[in-house]
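Bear in mind that the values here come from a model prediction, so they are computed numbers and not experimental data.
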Amino acid sequence: MGLVDSHCHLPLVVDDSSGTDGVVERALLNGVEHMLCVSVDLETFPGVLTTAKRHPSVSASVGVHPNKDTGCREPEIDDLLQLGTNDSVVAIGETGLDYYRNEEDPKIQKERLIKHIEAAKQLCKPLIIHCREAAEDLINVLREERADRVGGVMHCFVENWETAQAALDLGFLISFSGIVTFKNAVQLKEIAKKIPLEKILVETDSPWLAPIPYRGKQNEPAYVKNTAEYISALRDENFNDFSAATTDNFFRLFVNAKRESKLN
């Protein structure tokens with residue numbers, strides 16, 4: 001039984017010697033059986049899709065980050081529907097609200113999020129949600145737009161317990177990145193202990209947020225094992241049991257992801 005990196009950006013992980021092939025191979029050798037390569041804008045989505053089609057152990061999402069770069073095309077529901085029908089696309093996102101960076105007007109962010117929710121409902125595919133310093137507004141939009149019809153994941157969770165509980169009530173899973181291994185992430189560690197095992201995912205968000213002992217270096221999917229080991233110890237759970245549970249959680253949520261790998 002292998003692990004799953006539920007959120008990574010493989011085309012952005014730099015490997016000058018063997019490229020994405022090497023990154024994927026190192027992950028497989030480190031016990032990672034599947035990776036979800038996540039879209040952040042429509043311009044780079046073709047690279048995300050190509051990566052997923054090239055590697056049986058990789059699936060893809062389609063979406064536009066709440067703080068999309070200036071000049072990126074604004075997604076319309078039809079764009080998300082058309083691209084989201086691809087067999088390799090298992091989720092819509094990442095999408096959400098981010099008031100920390102504040103690069104986009106909150107009104108525009110909400111409108112973009114609503115488009116993603118509508119596309120997800122029409123495609124019956126789960127959402128990948130990004131949230132930073134916008135929890136109240138985010139939960140309100142998810143409730144108002146009935147995102148509970150498709151569910152999804154709160155990726156790279158860094159909010160409080162009340163937000164986690166509200167997301168769980170809407171049928172969302174909670175995904176932890178390498179941040180939980182950081183010494184100052186005291187509140188996050190407590191939340192990681194409290195989330196029901198059947199509601200947890202692990203991720204790298206690579207190439208960012210490498211866990212201890214790689215903090216400050218480029219992150220990659222192989223390192224999701226470090227985060228999983230840390231959380232299982234934090235929860236006083238057997239690592240193999242924790243790995244099996246989070247992997248089962250992933251494939252139960254992302255039902256279109258193909259469970260194919262050397263590890264099966």
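Within the 4.5 Å cutoff, no side-chain heavy atoms of Phe250 are placed close to those of Thr246. When side chains are defined from C-beta on, Gln165 counts as touching Asp169, because their heavy atoms get closer than 4.5 Å. Looking at heavy atoms from C-beta onward, Thr95 lies in side-chain contact with Ile129 at the 4.5 angstrom threshold. Between Phe251 and Val4 the shortest side-chain heavy-atom distance falls below 4.5 Å. For the pair Cys131/Met154, a side-chain contact is recorded, criterion being any heavy-atom separation below 4.5 Å from C-beta on. The shortest side-chain heavy-atom distance between Asn256 and Ser59 does not fall under the 4.5 Å cut-off. Side-chain contact between Leu36 and His7: absent, with no pair of heavy atoms (C-beta onward) separated by less than 4.5 Å. The side-chain heavy atoms of Arg132 and Cys156, taken from C-beta on, include no pair separated by under 4.5 Å.
Between the side chain of Thr181 and the backbone N or O of Ile212, at least one donor-acceptor pair lies under 3.5 Å. A donor-acceptor pair is defined here as one N or O able to donate and one able to accept, closer than 3.5 Å; such a pair exists between the side chain of Asn219 and the backbone of Trp208. Distance alone, capped at 3.5 Å, places no donor-acceptor pair between the Ser177 side chain and the Glu203 backbone. Using modelled atom types, one side-chain atom of Gln109 and one backbone atom of Asp98 make a donor-acceptor pair closer than 3.5 Å. A distance-only check finds a donor-acceptor pair linking the side chain of Arg235 to the backbone of Ala192 [under 3.5 Å]. Here the side chain of Thr247 pairs no donor or acceptor atom with the backbone of Ala244 at under 3.5 angstrom. Looking at Ser6, its side chain does come within 3.5 Å of a backbone N or O of Val202 through a donor-acceptor pair. Without hydrogens or angle criteria, Lys125 side chain to Gly84 main chain gives a donor-acceptor distance under 3.5 Å. A distance-only check finds a donor-acceptor pair linking the side chain of Lys115 to the backbone of Pro75 [under 3.5 Å]. Panel note: side chain Asp5, backbone Met35; no donor-acceptor pair is recorded below 3.5 Å.
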Atom pairs and distances, side-chain donor-acceptor, residues 42-50, under 3.5 Å, sequence neighbours left out:
{"from": "Glu43", "atom 1": "OE2", "to": "Arg73", "atom 2": "N", "distance (Å)": "2.7"}
{"from": "Thr44", "atom 1": "OG1", "to": "Asp41", "atom 2": "OD1", "distance (Å)": "2.6"}
{"from": "Thr50", "atom 1": "OG1", "to": "Pro46", "atom 2": "O", "distance (Å)": "2.9"}

Can you give the donor-acceptor pairs under 3.5 Å from side chains of residues 12-20 to other protein atoms, not counting sequence neighbours?
{"from": "Asp15", "atom 1": "OD1", "to": "Ser17", "atom 2": "N", "distance (Å)": "3.0"}
{"from": "Asp15", "atom 1": "OD1", "to": "Ser17", "atom 2": "OG", "distance (Å)": "2.7"}
{"from": "Asp15", "atom 1": "OD1", "to": "Ser18", "atom 2": "N", "distance (Å)": "3.1"}
{"from": "Asp15", "atom 1": "OD2", "to": "Ser18", "atom 2": "OG", "distance (Å)": "3.4"}
{"from": "Asp15", "atom 1": "OD2", "to": "Arg26", "atom 2": "NH1", "distance (Å)": "2.8"}
{"from": "Asp15", "atom 1": "OD2", "to": "Arg26", "atom 2": "NH2", "distance (Å)": "2.9"}

Side-chain atoms of residues 85-93: list all donor-acceptor pairs with protein atoms under 3.5 Å, sequence neighbours left out, distances to 0.1 Å.
{"from": "Thr85", "atom 1": "OG1", "to": "Gln82", "atom 2": "O", "distance (Å)": "2.8"}
{"from": "Asn86", "atom 1": "OD1", "to": "Lys53", "atom 2": "NZ", "distance (Å)": "3.3"}
{"from": "Asn86", "atom 1": "OD1", "to": "Ser88", "atom 2": "N", "distance (Å)": "2.9"}

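In the hydrophobic clustering of this structure, Leu123 does not group with Val153; members are Ile, Leu, Val, Met, Phe, Trp, Tyr whose side-chain heavy atoms approach within less than 4.5 Å, directly or through other members. Hydrophobic clustering places Ile231 together with Trp161 (ILVMFWY residues linked when any side-chain heavy atoms are closer than 4.5 Å, directly or through intermediates). Residues Phe254 and Leu197 do not share a hydrophobic cluster, clusters being chains of Ile/Leu/Val/Met/Phe/Trp/Tyr side chains in contact below 4.5 Å.
Heavy atoms only, all atoms of each residue included: Ala210 and Phe182 are closest at O-CE2, 3.5 Å. Residue Asn226 comes nearest to Pro211 through the heavy atom pair CB-CG, 3.9 Å, listed as atom of the first residue, atom of the second, then distance. The shortest non-hydrogen separation linking Glu198 to Arg252 is O-NH2, 3.2 Å. Closest non-hydrogen pair, Tyr223 versus Thr204, comes out as C-CG2, 4.2 Å. A pairwise comparison of heavy atoms in Pro221 and Ala27 identifies CB-CB, 3.9 Å as the closest pair.
Listed by chain and residue number, Glu111 satisfy the side-chain hydrogen bond (donor to acceptor under 3.5 Å, both in side chains) test with Lys107 (two or more places apart in sequence, or in another chain). Tyr230 pairs by the side-chain hydrogen bond (donor to acceptor under 3.5 Å, both in side chains) definition with Lys189, not counting sequence neighbours. Gln122 meets the side-chain hydrogen bond (donor to acceptor under 3.5 Å, both in side chains) test with Glu118; sequence neighbours excluded.
Ring planes of Phe176 and Phe157: perpendicular class, angle over 60° (limits at 30 and 60°).
The structure places CG of Leu3 at 13.0 Å from NE2 of His34, a figure rounded to the nearest 0.5 Å. Note that the CG atom of Leu113 and the CD atom of Glu94 stand 12.0 Å from one another [nearest 0.5 Å].
Between Arg54 and Asp21, at least one side-chain N (NZ, or NE/NH1/NH2) sits under 4.0 Å from a carboxylate O, which counts as a salt bridge.
Side chains of Asn160 and Thr163: a donor on one and an acceptor on the other come within 3.5 Å.
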